[in-house]
Structure formats: C-alpha cells, structure tokens
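Got a structure for you, questions after.
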There are 2 protein chains.
Amino acid sequence: MDLKTVDAGLLQSRYRLTKQRAAVLRALGDGGHLSAETILEKVRTELPAVSLGTIYRTLDILRAIGLVQIFSFGGSAARYEAALDKHHHLLCTNCRTLENVQADGVAEIAAQIAATKGFSDVDYGLTIVGRCTKCAGKAGQNGAN
Amino acid sequence: MDLKTVDAGLLQSRYRLTKQRAAVLRALGDGGHLSAETILEKVRTELPAVSLGTIYRTLDILRAIGLVQIFSFGGSAARYEAALDKHHHLLCTNCRTLENVQADGVAEIAAQIAATKGFSDVDYGLTIVGRCTKCAGKAGQNGAN
DNA sequence: CTCTCTGCAAAGCATTTGCACATTG
DNA sequence: CAATGTGCAAATGCTTTGCAGAGAG
C-alpha cells in the first residue's frame, strides 16, 4: 500500500494522523488478512503500549474512509485487509486460509440485481468456500451466506 | 418447508428427532431470516421451557445435515433460514432488511474459480449490500466482504 | 489551547459449554 | 436400558465503551 495515499486519506478526512493509525496501516500494508489481535501484535513491535481498543477504533475509522475492508465469516474473529483493488474471497473451511481472487462478470450481475430492487450505494462480495488442496480429506462444513 | 423432508432428514441422520428440533424447523418454515433469539421466542410459544443453548445446538445440527443455512454479516447476530433453493442475499445496510435473490451465472463463475484453485466441496454466496428504497437518504457503511 | 485520541479496564452481546436430569429409540 | 438430548447457568471470545490523562493541529 502506498503510504502517500494513506496519509493523504487520513489528512483529507476529519481524522488526525497519529502514530497508532499510521502503524495500523503499515501493519496491513503487506497485504494479508489479519485479525485485530494479529494487527495488535504487529503494531506493538513499534508501539508497545497500544491497546486492542485502539486497534478496533482505528480499523473502524479506516473502514469509514475506505482504506480498509473487513471480512467476517461465521463466528470467528473478523479479518481486516487494505482496500486495494476490488476482489473476492476464497476461504478454506478447514484451515481457514483466505485468498483473494478476481471474478469477471460479478459486478454486472450485482449491479443488475441492485438496480432491479432500487438499491443505491451498492457494494457486493462473492465468497467461495470449500476444501483447499491441502485439506482435501476431512469432515465438511456448510453454507457460504 | 416440507415436514416429511424435515423429519426424514433428521431420522436418516444419526440425530434424534426431538420435539425441540421439530419446533425449530417449524419456526423456520415460514421462510424468514431469523436470529437465534427470534427463533427462541417462536419455539417458546409451543415449548415454553426451551433454552437458547438448545436453539444454538439444534441450529448447528440442522446446518450440518444441510437443512439450515446461516447468514452472518459484520458484527450483529447471525440469521438462520431454511435451506430451500440456492439463492443470494440483498442486504440494506441501514435497516438491515435481508432479501433473497436469484443470480444467474454466479454458479459458473464460482465453479470455475474453485476449479482453478483445486478446491473441493465448494459452496459460494454473493452478498449485495446497499441502501434500499426506503432508506435512500443517510450515512453510509462500507464493504461486502 | 482546544478538540480529538489513547490506554486501561470494565461492560456488552452473541455464542458455547459443563453438568445433572430427562428423553429417545 | 444405553445413548443422546436438554435446561440451566456459568464461561468464553470478540468487540465496544466510559473515563481521565496525553497528544495533534
């Protein structure tokens, strides 16, 4: 993630650019899908006193500005990622690994449905779940929303 | 939902057919997207002593058998519905109303991506979020996973 | 200087679980 | 009967919040 964009995003907003916020964005810069807890650990390597509350508050702000995207799936902790390109998610229900994928055509389908129903300010997300190659044996879970 | 299917589903499984489980399925029969709490209220009209723990345990079993589908989105309580046809979800981020929609072409897209990545036992779900006609003014949320 | 942010600790909710008793097959 | 399910209540895990002091602009 481009730090100029990051700082600009915060500065242009009504929010202040603090070292905690910059650190959270830096933690997400590597492109992973991180839980709040994991982000806390990463941020604490530079700022040992940060609290989990601040992480959550920061992530919420960054989401509001559009710099961060949340992925939450059934029960366990939500995962956060830098909002770069539009993409979809491929989740292994066994090892819970999450991967980004591109999917042509979904945008049109979603836009068309939304238009039919009179929705505005539309966003959409396709989540594909299953067993990844490494987890190909084992008991199965159901449902992808 | 067809009760013959329901009972058969439970009987064919290794699970017992208790009055609580039948009642939960009946509560979902009307086709709504219900929270565990709402299901509890409905079930208590016939079985006043049922506990929330039992509702959750039952829903989990019914999901495992494939009779029930979960929809969970960012933070708030999950919603459960009878698993009838394959469909997708249209969610108003303001009033949180949830509607089922059909979407041609998504199955193929998802199957193709899953195949490329070597996934097995695949399921997928498209969630479209936005502001419904009734909520067309107001501040906006972000992200659809 | 003023207003916003942070750390801390406590609270909040949704969901899960241990245990003794009730029920099913 | 033996195995499984249930109610109750306590526990858990993730996330949010109130407050007093610290920091940004």
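When reading the values below, keep in mind they use all heavy atoms of this one structure, side chains included, and skip hydrogens, waters and symmetry mates. Lettering of chains follows the sequences in order, A, B, ..., and the numbering in each one begins at 1.
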Checklist entry - CG of B/L25 versus C1' of D/dG5: gap in Å, rounded? => result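 Rounding to the nearest Å, CG of B/L25 and C1' of D/dG5 are 15 Å apart.
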
Next on the checklist: Please report whether the ring centroid of B/H89 lies less than 6.0 Å from that of B/F71.
Outcome noted: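 Centroid separation for B/F71 and B/H89: below 6.0 Å.
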
Item to check | Which nucleotide in C/dG25, C/dT15, D/dT15 has an atom nearest any side-chain atom of A/Y80 | outcome: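 It is D/dT15.
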
Checklist entry - Is a donor-acceptor pair below 3.5 Å formed from side chain A/R21 to base C/dC5, judging by atom type as modelled? => result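 No pair found.
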
Next on the checklist: Nearest to the side chain of A/Y56, heavy atoms from C-beta on, is which of D/dG7, C/dT15, D/dC14?
Outcome noted: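 That would be D/dC14.
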
Item to check | Between D/dC14 (C1') and A/I39 (CD1): distance, integer Å | outcome: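 Interatomic distance, CD1 of A/I39 to C1' of D/dC14: 13 Å.
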
Item to check | Within residues 43-53 of chain B: residues closer than 4.0 Å to DNA chain D (heavy atoms) | outcome: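 Nucleic-acid contacts, sorted: B/A49, B/V50, B/S51.
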
Checklist entry - Which nucleotide sits closest to the side chain of B/R57: C/dT15, D/dC8, D/dT15? => result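 The nucleotide sitting nearest to the side chain is D/dC8.
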
Checklist entry - Hey, are A/D60 and A/R57 close enough for a salt bridge, meaning a charged N less than 4.0 Å from a carboxylate O? => result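 A salt bridge is absent here (no side-chain N lies under 4.0 Å from a carboxylate O).
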
Next on the checklist: What is the distance, to the nearest angstrom, from the CZ atom on B/R16 to the C1' atom on C/dA22?
Outcome noted: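 My rounded result for the distance is 11 Å.
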
Checklist entry - Rounded to the nearest Å, what distance is computed from the CG atom of residue B/L40 to the C1' atom of nucleotide D/dC8? => result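 Rounded to the whole Å, the gap is 13 Å.
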
Item to check | Closest to the B/T18 side chain, choosing from C/dT6, C/dT23, D/dT6 | outcome: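 Of the options given, the side chain of B/T18 lies nearest D/dT6.
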
Checklist entry - Would a distance-only check, ignoring hydrogens and angles, find a side-chain to backbone donor-acceptor pair under 3.5 Å from A/R44 to A/V50? => result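 Checking the backbone N and O of A/V50 against the side chain of A/R44, a donor-acceptor pair under 3.5 Å is found.
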
Item to check | Over 12 non-hydrogen atoms of neighbours within 6.0 angstrom of NZ in B/K86 | outcome: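 Yes, the 6.0 Å shell around NZ holds more than 12 heavy atoms from other groups.
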
Checklist entry - Rounded to the nearest Å, what distance is computed from the CD1 atom of residue B/I61 to the C1' atom of nucleotide D/dA3? => result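 Interatomic distance, CD1 of B/I61 to C1' of D/dA3: 14 Å.
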
Checklist entry - Within the structure shown, what part of the strands sits under 4.0 Å from B/Q20 by heavy-atom distance: base, sugar-phosphate, or nothing? => result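 Sugar-phosphate only.
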
Item to check | Length of the line joining A/D60:CG and D/dC14:P, which is rounded to integer Å | outcome: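 About 18 Å, once rounded to whole Å.
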
Checklist entry - What nucleotide, of D/dA24, C/dT6, D/dT15, holds the atom closest to the side chain of A/K19? => result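 Selected nucleotide: D/dA24.
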
Item to check | Heavy-atom closest contact (B/A27 atom, B/V43 atom, distance) | outcome: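 Taking B/A27 first and B/V43 second, the nearest heavy atoms are CB-CG2, 4.2 Å.
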
Next on the checklist: Within the supplied structure, the quantity of interest is the number of heavy atoms (other residues, nucleotides, ligands) at a distance under 6.0 Å from B/Q112 CD; does it exceed 12?
Outcome noted: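 Open: at most 12 neighbouring heavy atoms sit under 6.0 Å from CD of B/Q112.
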
Next on the checklist: From CD1 of B/I55 over to C1' of C/dT15, roughly how many Å is that when rounded to an integer?
Outcome noted: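 Taking CD1 of B/I55 and C1' of C/dT15, I get 13 Å after rounding.
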
Checklist entry - Counting side-chain heavy atoms from CB outward, which of C/dG25, C/dC5, D/dT6 is closest to B/T58? => result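 Within the option list, the nearest is D/dT6.
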
Checklist entry - Between A/C132 and A/C92, what is the shortest heavy-atom contact and its length? => result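 Heavy-atom minimum between the residues: N-SG, 3.5 Å.
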
Checklist entry - Tell me: OH of B/Y15 to P of D/dT6, nearest whole Å? => result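 Whole-Å distance recorded here is 12 Å.
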
